[in-house]
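Whatever order the structure lists them in is the order used to number ligands and atoms, beginning at 1.
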Amino acid sequence: MLFDTHTHLNVEQFSEDKLEVIDRAQEAGVSKMIVVGFDHETITNAMKLVEEYEFLYAAVGWHPVDAIDMTDEDLAWIEELAKHPKVVAIGEMGLDYHWDKSPHDIQKEVFRKQIQLAKKVKLPIIIHNREATRDVIDILKEEDASEVGGIMHCFAGTVEEANECLDMNFYISLGGPVTFKNAKLPKEVAKEVPVDRLLVETDCPFLAPHPFRGKRNEPSYVKLVAEQVADLKEMEYEDLASATFDNAMRLFGIKR
Ligand SMILES: [Zn+2]
Ligand SMILES: [Zn+2]
């Protein structure tokens with residue numbers, strides 16, 4: 001049993017063959033998945049998918065790259081959607097200093113507003129962080145995000161930074177990069193973070209694991225991530241899979 005905690009089955013890369021992709025995931029043992037919405041179109045699509053498939057759940061939020069586009073109406077819409085029984089997290093949200101579409105101060109403001117919203121609706125948050133780890137951790141501290149906790153998605157920081165996130169009630173989620181030969185930090189993090197605080201994800205269609213690097217990623221490949229993490233932790237694959245599955249169920253408050 002595997003839980004892919006970060007998919008974008010709601011984007012156009014899956015519009016042609018979504019059914020086959022979902023079938024392959026189930027054949028690989030991926031029995032639950034989160035569909036992450038991050039703007040108008042992808043949130044709308046995520047809600048459609050989770051209403052159609054019992055084993056899919058949604059996270060709704062606004063991506064930092066597009067922070068400049070988010071209006072107060074969008075925030076109110078996300079708050080309304082948070083009441084839906086299949087919306088289990090707010091996000092993805094955070095900071096992304098790689099792309100320069102949205103100025104840093106606007107990204108920070110939109111990030112803070114979404115943390116405050118999550119605390120209001122009492123849902124965990126999913127954090128997107130690219131090249132902004134220090135600012136992300138500082139804002140999580142200042143906003144008392146530990147009250148809701150959540151996920152550091154596709155974590156790329158150091159073991160020390162991972163520990164700071166664990167102290168704030170966050171889980172560390174590892175994706176495709178942990179399988180790359182030259183990915184030193186994710187491998188160290190996989191070894192050091194306790195198994196009861198680890199999650200696995202694909203972030204599909206992005207970041208496909210080895211040997212599919214550069215190709216379209218899909219949820220069935222989360223098995224390759226879990227196998228790599230089990231190897232690094234010197235654990236049986238089945239034990240790693242069931243531990244990360246249980247972690248996700250607990251974090252998202254999903255009843256069996
Ligand atoms: Zn992301
Ligand atoms: Zn994402």
Discussion item. Tell me if the aromatic rings of His8 and Phe14 count as close, with their centers under 6.0 Å from one another.
Written reply: no

Run the side-chain donor-acceptor check on residues 226-241: report pairs under 3.5 Å with partners two or more places apart or on a different chain.
| from | atom 1 | to | atom 2 | distance (Å) |
| --- | --- | --- | --- | --- |
| Lys233 | NZ | Ala190 | O | 2.7 |
| Lys233 | NZ | Lys191 | O | 3.1 |
| Lys233 | NZ | Val193 | O | 2.6 |

Practice prompt. Please list all pairs passing the ring pair (Phe, Tyr, Trp, His ring centres under 6.0 Å) test where one or both residues lie in residues 138-165, with sequence neighbours left out.
Written response: His6-His153, His128-His153

Fill in: Residues Asp246, Arg250: salt bridge by 4.0 Å N-O rule
no

Fill in: Protein N/O/S count near the Zn ion (ligand 1) (criterion: distance under 2.8 Å)
3

Worksheet entry | Presence of salt bridge, Lys120 and Glu79, under 4.0 angstrom | yes

Practice prompt. With sequence neighbours excluded, give me every ring pair (Phe, Tyr, Trp, His ring centres under 6.0 Å) pair touching residues 66-90.
Written response: His40-Trp77

